[in-house]
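Basis for what follows: all heavy atoms, side chains included, without hydrogens, waters or symmetry-related copies.
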Amino acid sequence: MQPKLNRLGLGGSATPSPPSSPLRNSPRVHRRTPKLGAAVRPPPPRSLVQRVTGALLSLLLRRQGVFLFAPLIYVGLIIFCMGTISLESMPRIISRPAQGSLYHSPQLYRRLKAEMDADNSTDALATIWKHSYKGGTWQPCINMSTNELPESHGYIYIEANGGLNQQRTSICNAVAVAGFLNATLVIPNFHYHSIWRDPSKFKDIYDEDYFIQSLKNDVRIVDKVPEFIMERFDHNMSNVFNFKVKAWAPIEFYTNFVLPKLFEEKLVRISPFANRLSFNVPTPVQRLRCLANYEALKFSVPISTLADKLVSRMREKSANGKYVSVHLRFEEDMVAFSCCIFDGGEEEKKEMNAARERGWRGKFTKRGRVIRPGAIRLNGKCPLTPLEVGLMLRGMGFTNNTAIYLASGKIYKAERNMGPLLEMFPFLQTKESLASAEELAPFKNFSSRMAAIDYSVCLHSEVFVTTQGGNFPHFLIGHRRYLYGGHSKTIKPDKRKLAILFDSRNIGWKALKRQLLNMRMHSDSKGIERKRPNDSIYSYPCPDCMCLYNKTEAPRTPQKADSFNQTII
């Protein structure tokens, strides 16, 4: 018998299937079946609200619209609850500044002073430098030229700007460029800077005769432009063509643009000339930089004579002939420029605002500029105070009888700020305390000459401590590497870590000292760093200005340099 087709057109049994069981949770299912003969109670009458609510729920469940309306229901309930709770009963969220964003070093010093004073167990000067090259030692090896110089292509006149060490950069770069172009270099002229306010000339700061003599086989140098050249320009330097060279210009710029003009005019001017040559230059150009910076530039006789006296006096005042030099940048202009907040309150705030307006008119009050002192401190950009320098050095193991030479300008609020440092290091000296008024008189009103004295005394210290960066420590670090076998013997603290350490409310003296000793060891390992491609030879003389010798190998005599003009031009 042919099976009957169901309505879907599928074959199957003619016997109909029983209806499926209702869903267990269906609202249509009766939960309880009354017994036979029992009286059935009618449901109580429902109010209008119940009927509307039931209809809505039925609609939502049937259409599964609960997923659509659930967020609206949730928000409505939150608003309803917020309206029934008093804001006064809500817990308050207190915002606390990040650790390290505030200047709390005075509180730390007061808390740890007694424990610090009782701790003189370690003598850092006796054990400070342990890291060394395993393969040998670094020694200066700048090749000396004995070649006769070819005929000059003309004269280069440069104007150096900035302070003492920015001017030093200009001088060394000028020597390199003049040698590269086979030009005669006129002794650089120094700008009178609005901040440094020093009218000193080259010969007032450096030994001019020694400079010319040291470079005579590499670069021709004269103290002024010859008259027959100046006649072409009516004896007026402003009539000379002036190149505006961009910062860190490649050496090819001088070949492509300066050299043709030099051939044509026989005299060119470059002003200003600070940082106008790339660090990445050919080896012969780098050699001239090394020669100028480390060999040819020596301070004038008056400066070097007084500096030698101060070095001797510092060694005499030290128990073992060794002393620590600290470059402290806490002058008013540095404190103002940093935009950091210390512990001077409203008086400090007013003074710093006035100092910023005097020195950098409108720079810090531009519309839209936001200054965040806490973020500046956390980023390690605040200058260390004298108190913080003392805390750091005591934590690094320097006892209170350590001889310290302080290189700095006029300290901001010196009467108040220098007190804690002198308590921690009573044998601290400055050039003003070491030299008599008569000895300092020739240099007193000349900032660059005073900086040169500080530079010389720091150069010969057993330890140099830099606190804020800048050209002064960068040059010193490199110069000390050149003198001390490739090791800078410099402590360069991590000021981000210091900001957090000095803002620690519960740290003890032993824990603080352990952290600072680790920081000192890190400076030791970093002291022997070599120059990378874009680093400066003024900070990293290895390997461009120095050679690595094996322990059993005697340093070689500097070799004769190749002909510069044959290799470059």
Side-chain angles (χ1 to χ4, degrees), residues 87-116 328-357 359-360 363-396 411-413 416-421 423-424 466-469 492-519 522:
L87 292 177
E88 294 181 358
S89 64
M90 295 289 287
R92 294 183 181 181
I93 300 174
I94 301 174
S95 176
R96 294 175 183 253
Q99 184 178 347
S101 62
L102 297 178
Y103 178 65
H104 285 148
S105 302
Q107 294 89 317
L108 181 70
Y109 173 60
R110 287 193 293 269
R111 184 165 60 82
L112 299 181
K113 186 177 185 303
E115 200 173 351
M116 181 199 310
L328 180 61
R329 293 303 314 274
F330 204 70
E331 302 90 350
E332 184 180 72
D333 62 329
M334 174 55 67
V335 177
F337 186 81
S338 72
C339 296
C340 298
I341 296 175
F342 297 94
D343 58 345
E346 283 299 316
E347 181 184 0
E348 176 190 299
K349 182 179 179 181
K350 291 177 182 177
E351 289 176 349
M352 292 301 100
N353 286 338
R356 281 190 280 269
E357 192 59 28
W360 303 275
K363 178 182 177 70
F364 295 94
T365 54
K366 286 183 180 178
R367 184 177 179 183
R369 177 158 188 171
V370 179
I371 297 172
R372 297 183 176 89
I376 296 171
R377 180 171 298 280
L378 279 171
N379 202 29
K381 300 299 183 182
C382 289
L384 292 182
T385 65
L387 182 149
E388 289 175 320
V389 170
L391 269 176
M392 179 184 74
L393 292 179
R394 288 301 301 272
M396 288 182 174
I411 300 297
Y412 173 64
K413 298 285 185 182
R416 175 168 62 90
N417 290 320
M418 284 297 295
L421 181 58
E423 287 178 358
M424 287 182 268
T466 173
T467 63
Q468 186 59 18
K492 190 176 181 181
D494 184 339
K495 294 203 293 180
R496 292 185 179 93
K497 288 184 179 178
L498 284 181
I500 295 173
L501 283 175
F502 291 159
D503 194 20
S504 301
R505 306 290 178 90
N506 301 315
I507 194 168
W509 173 245
K510 289 183 179 179
L512 178 65
K513 188 174 181 179
R514 184 169 57 251
Q515 295 278 357
L516 292 173
L517 283 172
N518 288 335
M519 193 178 293
H522 183 71

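- Counting heavy atoms from C-beta outward, Pro373 and Cys340 have side chains that stay 4.5 Å or more apart.
- By the 4.5 Å heavy-atom criterion applied to side chains, Met424 and Met116 are counted as neighbours.
- Contact of the Arg111 side chain with the Arg505 side chain is not registered, since no non-hydrogen atoms from C-beta on lie closer than 4.5 Å.
- Considering CZ of Arg394 and CG of Leu516, their distance stands at 12.0 Å, rounded to 0.5 Å.
- Separation of atoms CZ (Phe342) and CZ (Arg377) is listed at 5.0 Å; rounding is to 0.5 Å.
- Of the possible polar contacts, none joining the Ser504 side chain to the Ile507 backbone as a donor-acceptor pair under 3.5 Å is found.
- Each of Ile500, Leu378, Ile341 was scored for a side chain to side chain contact (heavy atoms under 4.5 Å, CB included) with Ser101, with one residue passing: Leu378.
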Quiz item: So Met519 and Lys497, side chain to side chain contact (heavy atoms under 4.5 Å, CB included) or not? Walk me through it.
Solution: CA-CA 9 Å; Met519 193 178 293; Lys497 288 184 179 178; 3.9 Å; yes
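- We find the NZ-CG distance between Lys492 and Asp494 to be 10.5 Å, quoted to the nearest 0.5 Å.
- Within the model, atoms CG of Leu501 and CG of Leu498 stand 6.5 Å from one another, a figure rounded to the nearest 0.5 Å.
- Note that the CG atom of Leu112 and the NZ atom of Lys513 stand 12.5 Å from one another [nearest 0.5 Å].
- Here the closest non-hydrogen pair linking Ile371 and Ile376 is CG2-CD1, 4.2 Å.
- Arg356 places a side-chain N or O within 3.5 Å of a backbone atom of Ala336 that can act as its donor or acceptor partner.
- Remark: the backbone N or O of Tyr412 is paired with a side-chain donor or acceptor of Asn417 at under 3.5 angstrom.
- Contacts of Asp343 classified as salt bridge (charged side-chain N to carboxylate O under 4.0 Å, His left out), with partners at least two apart in sequence or in another chain: Arg416.
- What you find for Ser105 and Glu388 is that their closest heavy atoms are OG-OE2, 2.8 Å.
- Across all their heavy atoms, Pro493 and Leu384 have their closest contact at CG-CD1, 4.4 Å.
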Quiz item: Between Val335 and Glu331, does a side chain to side chain contact (heavy atoms under 4.5 Å, CB included) hold up when you go through it step by step?
Solution: CA-CA 6 Å; Val335 177; Glu331 302 90 350; over 6 Å; no
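- In this structure, the separation between OH on Tyr109 and OG1 on Thr385 is 11.5 Å, given to the nearest 0.5 Å.
- Taking Ile411 as the reference, Leu328, Phe330, Pro386, Ser408, Ala414, Met418 meet the side-chain contact (heavy atoms from CB on, under 4.5 Å) condition, with sequence neighbours excluded.
- Not a single donor-acceptor pair under 3.5 Å links the side chain of Lys495 to the backbone N or O of Asn379.
- Within 6.0 Å of NE2 in His104 there are more than 12 heavy atoms belonging to other residues, nucleotides or ligands.
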Exercise. Walk me through it: do Asp333 and Trp360 pass the test side chain to side chain contact (heavy atoms under 4.5 Å, CB included)?
Key: CA-CA 10 Å; Asp333 62 329; Trp360 303 275; 4.1 Å; yes
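- Taking the six-membered ring for Trp, Phe502 and Tyr103 have ring centres at least 6.0 Å apart.
- Looking at heavy atoms from C-beta onward, Met352 lies in side-chain contact with Glu332 at the 4.5 angstrom threshold.
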Practice problem: Just do the salt bridge (charged side-chain N to carboxylate O under 4.0 Å, His left out) check on Lys413 and Glu351 with the steps written out, would you? | Solution: CA-CA 11 Å; Lys413 298 285 185 182; Glu351 289 176 349; 3.2 Å; yes
Exercise. For Lys350 and Glu348, run salt bridge (charged side-chain N to carboxylate O under 4.0 Å, His left out): C-alpha distance rounded to whole Å, both residues' side-chain angles, the deciding distance at 0.1 Å, then the answer.
Key: CA-CA 6 Å; Lys350 291 177 182 177; Glu348 176 190 299; over 6 Å; no
